[in-house]
J.: 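Let me give you the structure first, and then I'll get to my questions.
So that the names make sense, note that chain A is the first sequence line, chain B the second, and so on, each numbered from 1. Keep in mind that what you see is a predicted model, and the values were worked out from it rather than measured.
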Amino acid sequence: KAGVTQTPRYLIKTRGQQVTLSCSPISGHRSVSWYQQTPGQGLQFLFEYFSETQRNKGNFPGRFSGRQFSNSRSEMNVSTLELGDSALYLCASSLSGGVYGYTFGSGTRLTVV
Amino acid sequence: DAKTTQPTSMDCAEGRAANLPCNHSTISGNEYVYWYRQIHSQGPQYIIHGLKNNETNEMASLIITEDRKSSTLILPHATLRDTAVYYCIVRVEFSNYGQNFVFGPGTRLSVLP
């Protein structure tokens, strides 16, 4: 079966711009989580969505937001980009919240210049 | 903060067993031990998880001590493709309020030819 698909794979944006990243979970998976990975901070949890509702949120500023659609696809948005937002953004899906672990996508590498 | 501590790095000879330790002395009774690994530039990959009994699957074995304060991930016959960062995480298996994985820095395993 198809895995978790994240688009785009690479992205370059300028400071102050906004960006939208997309994640298509494995068919049938209703939970989608987002993580940010940087060399300095490692993997950090952004938020989790389940059945179109945000169920959990990490410690990130309000510039980071997300949503989930009725088909479980999810998007995350970062507004007013800063240089420090340069990172690998990973999406993970699971059936109901990680009972058998999450399946991660390959990520979107965002570079802010 | 991550509730686990792991060695920063380890080496293993190809074909030998790789034993990766993890300490989780503050684990709660309803928290599971999960292991993931991340090969360079890819998303983390689920390996195995367990509560208190030893677990084995096609990828690895998980040995949890009787007091559950530590565990060991065993890759029985390490190959060069097992070179990755291995993360040990403790988390409740499921929660209606959503749960996220708190990733620490992990152990960088290098399998040497």
J.: Among pairs that include at least one residue of residues 57-71 of chain A, which meet side-chain hydrogen bond (donor to acceptor under 3.5 Å, both in side chains), considering only residues two or more places apart or in two chains?
T.: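 Qualifying pairs: A:Arg63-A:Asp85, A:Arg67-A:Glu75.
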J.: A:Gln54 side chain to A:Phe47 main-chain N or O, any donor-acceptor pair under 3.5 Å?
T.: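 No.
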J.: Which answer fits B:Pro44, side chain, backbone, both or neither, if we ask what part of it has an atom under 4.5 Å from a heavy atom of chain A?
T.: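 Both backbone and side chain of B:Pro44 come within 4.5 Å of chain A.
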J.: Check for me whether B:Arg37 meets the cation-pi criterion with B:Tyr86, that is, NZ or CZ under 6.0 Å from the six-membered ring centre and within 45 degrees of the ring axis.
T.: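 Geometry flag: not set, cation outside 6.0 Å or 45°.
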J.: With respect to A:Arg30, which candidate in A:Ser93, A:Ser72, A:Ser51 satisfies the side chain to side chain donor-acceptor pair (under 3.5 Å) definition?
T.: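 Option passing the side chain to side chain donor-acceptor pair (under 3.5 Å) with A:Arg30: A:Ser51.
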J.: Check each atom of A:Leu90 against the heavy atoms of chain B and say whether the ones under 4.5 Å are side chain, backbone, both or neither.
T.: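 Interface part for A:Leu90: side chain.
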J.: Taking only residues at least two apart or on different chains, which pairs with a member in residues 45-72 of chain B satisfy salt bridge (charged side-chain N to carboxylate O under 4.0 Å, His left out)?
T.: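 For residues 45-72 of chain B: none.
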J.: Do the non-hydrogen side-chain atoms of B:Gln38 and A:Phe104 ever get within less than 4.5 Å of each other?
T.: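 They are not in side-chain contact.
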J.: Considering heavy atoms only, which positions within residues 105-113 of chain A lie below 4.5 Å of chain B?
T.: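 Residues of residues 105-113 of chain A touching chain B at under 4.5 Å: A:Gly105, A:Ser106.
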J.: Extract all donor-acceptor atom pairs below 3.5 Å that involve side chains of residues 10-20 of chain A and protein atoms in other chains or at least two apart in sequence.
T.:
from    : atom 1 : to      : atom 2 : distance (Å)
A:Gln17 : OE1    : A:Thr14 : N      : 2.8
A:Thr20 : OG1    : A:Asn77 : ND2    : 3.0

